[in-house]
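Here's the structure, in structure tokens; my notes come after.
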Amino acid sequence: MKKYTEIADINSIPEIIKEAIQLKSNPFQFEALGKHRTLVMLFFNSSLRTRLSTEKAAKNLGMYVTVLNVNDAWNLEYENGAIMNLNTAEHVKEAAQVISQYGDIIAIRAFPTLKDKAKDESEYIINSFIKYATVPIVSMESATAHPLQAMADAMTIEELKTKKRPKVVLTWAPHTKVLPQAVPNSFVKMMQNLDVDFSITHPKGYELNPEITKETPINYNQDEALKDADFVYAKNWCSYSEYGQILSTDNQWMLTKSKLSKAKFMHCLPVRRNVVVEDAVLDSEQSVVIQQANNRTYAAQIVLKKLLENL
Ligand code: AN0
Ligand code: CP
């Protein structure tokens, strides 16, 4: 593997998920692999899980870790040929090459603007680093994708499924803030590559990028969609067609214990209680969100392992 910024960077998805689950049972097996190697983590946005689990993953492989909250550094310019007489102090061309000398792998979290769709879809931050850095790049959630989260989610389903082809439903849920489509985008792509009966439910107007959802069934009736589900993944995202807009905060879409029925409940976290999902779900045995968060470590670890092996 040369980078991990999208699901398509993985050769064999079922294979890598098995390998990640194996690593979980023996996390220090490859602790010599990362000796004298450094992971630099660049954060343009907040994080709890990604920051701690990715650092733990790197340390399990024997790596050093350096974290930079980019907002504490110089404001970066991304445009080619820019006359930098305004607010940007350093061009990503220099920054990416410089950071490549300090880190053997660079991991980046860079959320979308949710205002300028074309700019967000260009993935200008992560793609500039892919272009100018001289070391592998890992996405810790970019404008349109969160592939480490999707890998942890797939591991969790693999660990918990009780039938060969479980029914998995991604449901939109209400939220008070404008949130990205990155988590659902990567989850959809991941599910399309696994042996699962997968569908999506959301109110009209919340269609994700149709190039991503492709042939995946979409049902606008949540009750119908959730029927006999084995796994229900709840997530809010803002409108894609009316980009960055909140079209509905209808709390009828909040996930409740009765809607969940016998299914396992999944969410990437952080989650707003009693807005996205009611307490009774999160506090029940059916919630697997803590296990999902644990799997973030081993998802990151298998990715770092594959990148280290290829250095
Ligand atoms: C972010 C999102 O929805 O993409 C990060 C989730 C991992 N969530 C929030 O900002 C609440
Ligand atoms: N799920 C996830 O990526 O969490 P953080 O935003 O806390 O890293």
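All residue numbers refer to positions in the sequence shown, counting from 1. Since this is a predicted model, take the numbers as computed values, not measurements. Both ligands and their constituent atoms are indexed starting at 1 by order of listing.
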(message) So that I can tick it off, tell me whether Lys164 and Asp195 are bridged by a salt bridge, with the cut-off set at under 4.0 angstrom between side-chain N and carboxylate O.
(response) yes
(message) Could you check whether any heavy atom of Asn236 sits closer than 4.0 Å to an atom of ligand 1, since that is the contact criterion I want to use?
(response) no
(request) Examine distances only and state if a side-chain atom of Glu77 and a backbone atom of Glu79 form a donor-acceptor pair shorter than 3.5 Å. (result) yes
(message) Give me the nearest non-hydrogen protein atom to atom 7 (O) of ligand 2 as residue plus atom name, then the distance to 0.1 Å.
(response) Leu48 N, 2.7 Å
(message) For Thr171 and Gln222, which I'm curious about, is there any donor-acceptor pair between the side chains at under 3.5 Å?
(response) yes
(message) Quick check on Ala182 - does any of its heavy atoms sit under 4.0 Å from an atom of ligand 1?
(response) no
(message) Show me which atoms of ligand 1 lie under 4.0 Å from any heavy atom of Leu269.
(response) 7 (C)
(request) Check if Gln149 has a non-hydrogen atom at a distance under 4.0 Å from any atom of ligand 2. (result) yes
(request) Check whether any N or O atom of Arg296, backbone or side chain, sits under 3.5 Å from an N or O atom of ligand 2, and answer yes or no. (result) yes
(request) Working to the nearest 0.5 Å, report the span between CG of Leu307 and CG of Leu39. (result) 9.5 Å
(message) Quick check: Phe44 with Phe111 (ring centres under 6.0 Å apart)?
(response) no
(message) For atom 7 (C) of ligand 1, what's the nearest protein heavy-atom neighbour? Residue, atom name and distance, please.
(response) Glu141 OE1, 3.4 Å
(request) State whether Asp223 and Lys259 are salt-bridged, where the test is any N-O pair (Lys NZ or Arg NE/NH1/NH2 against Asp/Glu carboxylate O) under 4.0 Å. (result) no
(request) Just grab all the side chain to side chain donor-acceptor pair (under 3.5 Å) pairs involving residues 26-37, residues at least two apart or on different chains. (result) Arg37-Asp104
(request) May I ask you to decide if Pro112's main-chain N or O and Asp120's side chain share a donor-acceptor pair within less than 3.5 Å? (result) no
(message) Out of Leu48, Leu148, Asn45, Leu179, who is nearest to atom 10 (O) of ligand 1 when you count heavy atoms only?
(response) Leu179
(message) Pairs of nitrogen or oxygen atoms closer than 3.5 Å, one from Arg109 and one from ligand 2: do any exist?
(response) yes
(request) Report the part of Val183 (side chain from C-beta onward, or backbone N, CA, C, O) that has a heavy atom under 4.0 Å from ligand 2; answer both or neither where that applies. (result) neither
(message) Under a 4.0 Å threshold between the charged nitrogen and the carboxylate oxygen, would Lys18 count as salt-bridged to Glu158?
(response) no
(request) State, without any angle test, whether Gln149 and Glu141 hold a side-chain donor-acceptor pair at a distance under 3.5 Å. (result) no
(request) Heavy-atom contacts with His146 under 4.0 Å: which atoms of ligand 2 show up? List them by number with element. (result) 2 (C), 3 (O)
(message) Test your reading of the structure: does Ser46 have an N or O sitting under 3.5 Å from an N or O of ligand 2?
(response) no
(message) Students should be able to answer this: which protein heavy-atom is nearest to atom 4 (O) of ligand 2, and at what distance?
(response) Arg49 NE, 2.8 Å
(message) Evaluate Pro270 for polar contact with ligand 2, using N/O atom pairs at a separation under 3.5 Å.
(response) no
(request) Ignoring angles and geometry beyond distance, decide whether Lys235 reaches within less than 3.5 Å of ligand 1 through its nitrogen or oxygen atoms. (result) yes
